J.: 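Let me begin by handing over the structure; questions about it come next.
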Amino acid sequence: MTREMEYAKCIAVLCKLYRMGKVTESEFRYVKRRLKSRFMPARDIGRA
């Protein structure tokens, strides 16, 4: 699986948990930021 696909899957699961109310907004933002830093090198973040 490519890194982009793995990132998309993680974000989809995170969004589902947020919609279900299992994750607060601050937790959602924190995890989303951590996923972005994990899957996207600094040179690619501006393009996303």
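Any value given below was found using the heavy atoms of this structure, including those in side chains, with hydrogens, waters and symmetry copies removed. This structure is a prediction, so every number in the text was calculated from the model and none was measured.
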J.: Applying side chain to side chain contact (heavy atoms under 4.5 Å, CB included), run through Met20 and Lys16 and close with a yes or a no.
T.: CA-CA 6 Å; Met20 292 172 61; Lys16 173 99 175 169; 3.9 Å; yes
J.: Would you say Glu4 and Phe39 make side-chain contact, with heavy atoms under 4.5 Å?
T.: no
J.: Which pair of non-hydrogen atoms, one from Leu14 and one from Phe28, has the smallest distance, and what is that distance?
T.: CG-CD1, 3.5 Å
J.: If you compare all heavy atoms of Arg38 against all heavy atoms of Glu6, which two are closest, and at what distance to 0.1 Å?
T.: NH2-OE2, 4.4 Å
J.: Go through the structure and list residues passing ring pair (Phe, Tyr, Trp, His ring centres under 6.0 Å) with Tyr30, not counting sequence neighbours.
T.: none
J.: Which pairs with one or both residues in residues 22-32 pass salt bridge (Lys or Arg N to Asp or Glu O under 4.0 Å), sequence neighbours excluded?
T.: Glu25-Arg29
